[in-house]
Amino acid sequence: MGTGNLDVKGRAIIDGNRFMTLGTANTEGEPWASPVFYVADGYSTFYWISSPEATQVRNIAVRPRVGIVVFNSQQEPGSDEAVYMTATACELTGAELDRGLEIYLGAAPFSQGPEAFRPPGRYRAYRASVTEHFMLCPQASSQPCPVHGRTSDHRMAVAL
């Protein structure tokens, strides 16, 4: 299998799923992973709703660089159907909040209106802006990958 269709496969993975694993770290660098329901705007902007008291949100406040994985949790073991991303995350405010809630609430299965996600509401809107996408290289096998020279599973950058 060549590497040429990974962009198509990556977009299908993001389009076909609704939960992402959001990886954050606190001030000391201790990792934290959280499953969150997302709405994507294209393939490089992800929105979600969370409590401002949630661990991942407190971590983002001190370390906005995050890792994200979107994958089908029902796939067979050994499958390579995942998109790995690096991103910068933030809480939305002002005009960005208005736009983010328009996108999120337009696709999310929630009955609350935008006021539920503004102070003094219990939840806020967040955005992750992706800086890089990766997928597992399909060339890994018992022979060295002709592109990367590795025989083990390894990620490669893709453009979505």
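Residue numbers start at 1 and run along the sequence shown.
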Would you list the atom pairs, donor with acceptor, under 3.5 Å between side chains in residues 97-110 and any protein atom, with sequence neighbours excluded?
residue : atom : partner : partner atom : Å
Asp98   : OD1  : Arg118  : NH1          : 3.2
Asp98   : OD1  : Arg118  : NH2          : 2.8
Arg99   : NH1  : Glu102  : OE2          : 3.3

Atom CZ of Arg122 with >12 non-hydrogen neighbours under 6.0 angstrom: no
Closest contact, heavy atoms only, Ile14 versus Val70: CA-CG1, 4.2 Å
His133 side chain vs Tyr43 backbone, donor-acceptor pair below 3.5 Å: yes
Thr131 vs Arg65 side-chain heavy atoms within contact, under 4.5 Å: yes
Rounded distance (nearest 0.5 Å) linking atom CZ of Arg63 with atom OG1 of Thr24: 10.0 Å
Interatomic spacing from CZ in Arg127 to CZ in Phe46 - rounded to 0.5 Å: 13.0 Å
Residues Tyr126, Val36; criterion side chain to side chain contact (heavy atoms under 4.5 Å, CB included); working and verdict: CA-CA 11 Å; Tyr126 298 88; Val36 291; over 6 Å; no
Point-to-point distance, once rounded to the nearest 0.5 Å, from CZ of Phe134 to CG of Leu6: 13.0 Å
No-hydrogen, no-angle side-chain donor-acceptor test under 3.5 Å, Ser129 and Thr88: no
Shortest non-hydrogen separation from Ala82 to Phe71 and the atoms involved: CB-CB, 3.8 Å
Interatomic spacing from CE in Met20 to CD1 in Ile13 - rounded to 0.5 Å: 15.5 Å
Minimum heavy-atom distance Ala25-Val62, with the two atoms named: O-CG2, 4.4 Å
Euclidean distance, Arg58 CZ relative to Thr55 OG1, rounded to 0.5 Å: 4.0 Å
Distance-only side-chain donor-acceptor flag, Tyr38 / Asn17, under 3.5 Å: no
Minimum-distance pair of heavy atoms, taken over all atoms of Thr21 and Ala33: CG2-CB, 4.1 Å
Straight-line distance of Ser34 OG to Ile60 CD1, nearest 0.5 Å: 8.5 Å
Val57 and Arg124, any side-chain heavy atoms less than 4.5 Å apart: no
Minimum heavy-atom distance Gln56-Ser50, with the two atoms named: NE2-OG, 3.0 Å
Residue pairs passing the ring pair (Phe, Tyr, Trp, His ring centres under 6.0 Å) test where at least one lies in residues 11-35, sequence neighbours excluded: Phe19-Phe37
